[in-house]
Amino acid sequence: MRAFFGRTDAASFASGDAAHIVVLPGVYETWKFLQPLITALHARGHPVHVVEALQRNQHPVADMAASVSAFLEAENLTDVILVAHSKGGLAGKLVMTGPAAGRVRSMLAVATPFGGSRYARRIPMRSLRAFAPEDPSIVSLAQQLTVNARIVSIYAAFDPHIPEGSELAGAKNVRLETGGHFRILAHPRVLAELAVLAAGSAG
């Protein structure tokens, strides 16, 4: 409901003196789906930026990453922390390996299918079938290992959308003893891990 009818202007979250944050929603999510988290991050002094070009995030991960990279360049943002949910984490990792990589400090990824999801094989929509473990975009991204050390992956012990889980080799993996794909966005550990990333120096 918030995503469709909310009237908050994204620009109202862009002020602050702490590390810049760019939020990357999941598939079929607008930035307003993440508004409670955005509000909490902004309350802690972070300028939080929204990439309006993502809209409902139905395009391929590579297109999403290109939009985010273009946004970082256009806004001249540096030392950025990406905060991503689900598909957003795939795009975020791709950004960290692309032309705007030097503008990103780190990423906090929540419930991201880094290894894909076998359930995607059963879904006729291309926007979701692209999450199959054998999809070229998933396989290619998994081979990009150098940036993993700058990623924190937070995920539930049971995620009904990602039975494989979200563990990422070389990353800081935080497994929460709870269930869900969406509700862990409100878990206190998300903000706690963000605080650790924000306290770190640029990589």
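It should be emphasised that the depicted structure is a prediction, and the values quoted were computed from it without experimental measurement. Residues: numbered from 1 along the sequence shown.
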Next item on the list: Give the intermediate values and the outcome of side chain to side chain donor-acceptor pair (under 3.5 Å) for residues His161 and Ser117.
Entry: CA-CA 7 Å; His161 297 280; Ser117 171; over 6 Å; no
Next item on the list: I would like to know whether Leu72 and Val104 meet side chain to side chain contact (heavy atoms under 4.5 Å, CB included); could you show each step before the answer?
Entry: CA-CA 9 Å; Leu72 294 177; Val104 179; 3.9 Å; yes
Margin query: side chain to side chain contact (heavy atoms under 4.5 Å, CB included), that's the test. Do Met96 and Leu82 meet it? Break it down for me.
Written below: CA-CA 9 Å; Met96 294 173 75; Leu82 303 177; 4.3 Å; yes
Checklist line | Candidate pair Thr30 and Val50, rule side chain to side chain contact (heavy atoms under 4.5 Å, CB included), full reasoning | finding: CA-CA 10 Å; Thr30 71; Val50 169; over 6 Å; no
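Sequence neighbours left out, not one pair with a member in residues 59-71 passes salt bridge (charged side-chain N to carboxylate O under 4.0 Å, His left out).
With hydrogens and angles disregarded, a donor-acceptor distance shorter than 3.5 Å links the side chain of Lys93 to the backbone of Leu141. Under a 3.5 Å cut-off, the side chain of Asn148 and the backbone N or O of Ala171 do not form any donor-acceptor pair. Counting only distance, with no hydrogens or angles, the side chain of Arg105 and the backbone of Leu197 share a donor-acceptor pair below 3.5 Å. Panel note: side chain Thr112, backbone Ala109; no donor-acceptor pair is recorded below 3.5 Å. The main-chain N or O of Ile151 is never found under 3.5 Å from a side-chain atom of Ser106 such that the two would form a donor-acceptor pair.
When side chains are defined from C-beta on, Ile81 does not count as touching Met107, because their heavy atoms never get closer than 4.5 Å. In this structure the side chain of Glu52 reaches within 4.5 angstrom of the side chain of Trp31, judged on heavy atoms. At a threshold of 4.5 Å between non-hydrogen side-chain atoms, the residues Leu37 and Leu191 count as touching. Put simply, the side chain of Leu194 reaches to within 4.5 Å of the side chain of His46, judged on heavy atoms. Side-chain contact between Gln35 and Thr39 is present, with heavy atoms from C-beta onward closer than 4.5 Å. Between Val95 and Met64 the shortest side-chain heavy-atom distance does not fall below 4.5 Å.
Ion pairing of Glu73 with Arg103 is present here, as a side-chain N (NZ or NE/NH1/NH2) and a carboxylate O approach within less than 4.0 Å.
To the nearest 0.5 angstrom, Asn173 atom CG is 11.0 Å from Arg175 atom CZ. Between the OG atom in Ser153 and the CG atom in Leu108 there is a gap of 9.0 Å [rounded to 0.5 Å].
In this model, no donor atom of one side chain and acceptor atom of the other lie less than 3.5 Å apart for His187 and Thr178.
By the salt bridge (Lys or Arg N to Asp or Glu O under 4.0 Å) test, Glu29 pairs with no residue at all, sequence neighbours left out.
His85 and Phe182 have tilted rings, their planes meeting at an angle from 30° to 60° on a 0 to 90° scale.
Across Ala65 and Ala91, no two heavy atoms sit closer than the pair CB-O, 3.7 Å. Smallest separation of non-hydrogen atoms from Glu193 and Lys172: OE1-NZ, 2.8 Å. In this structure, His181 and Ser86 approach most closely via the heavy-atom pair NE2-OG, 3.0 Å. Closest approach of Leu54 to Ser67, counting heavy atoms only: CD2-CB, 4.0 Å. Counting all heavy atoms, side chain and backbone alike, Val83 lies closest to Ile21 at CG2-CG2, 3.6 Å. Of all the heavy atoms in Arg118 and Pro163, the pair that sits closest is NH2-CB, 3.5 Å.
No option in Val110, Leu176, Val152, Ile184 other than Leu176 meets the side-chain contact (heavy atoms from CB on, under 4.5 Å) test with Arg189.
Leu185 and Ile162 are not part of a single hydrophobic cluster, where members link through side-chain heavy atoms under 4.5 Å apart. Tyr155 and Leu90 are not part of a single hydrophobic cluster, where members link through side-chain heavy atoms under 4.5 Å apart.
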Using atom types as modelled, flag every donor-acceptor pair under 3.5 Å from a side chain in residues 12-20 to any protein atom, sequence neighbours excluded.
unit_1 : atom_1 : unit_2 : atom_2 : d
Ser12  : OG     : Asp9   : O      : 2.6
Ser15  : OG     : His42  : NE2    : 3.2
His20  : ND1    : His49  : NE2    : 2.8

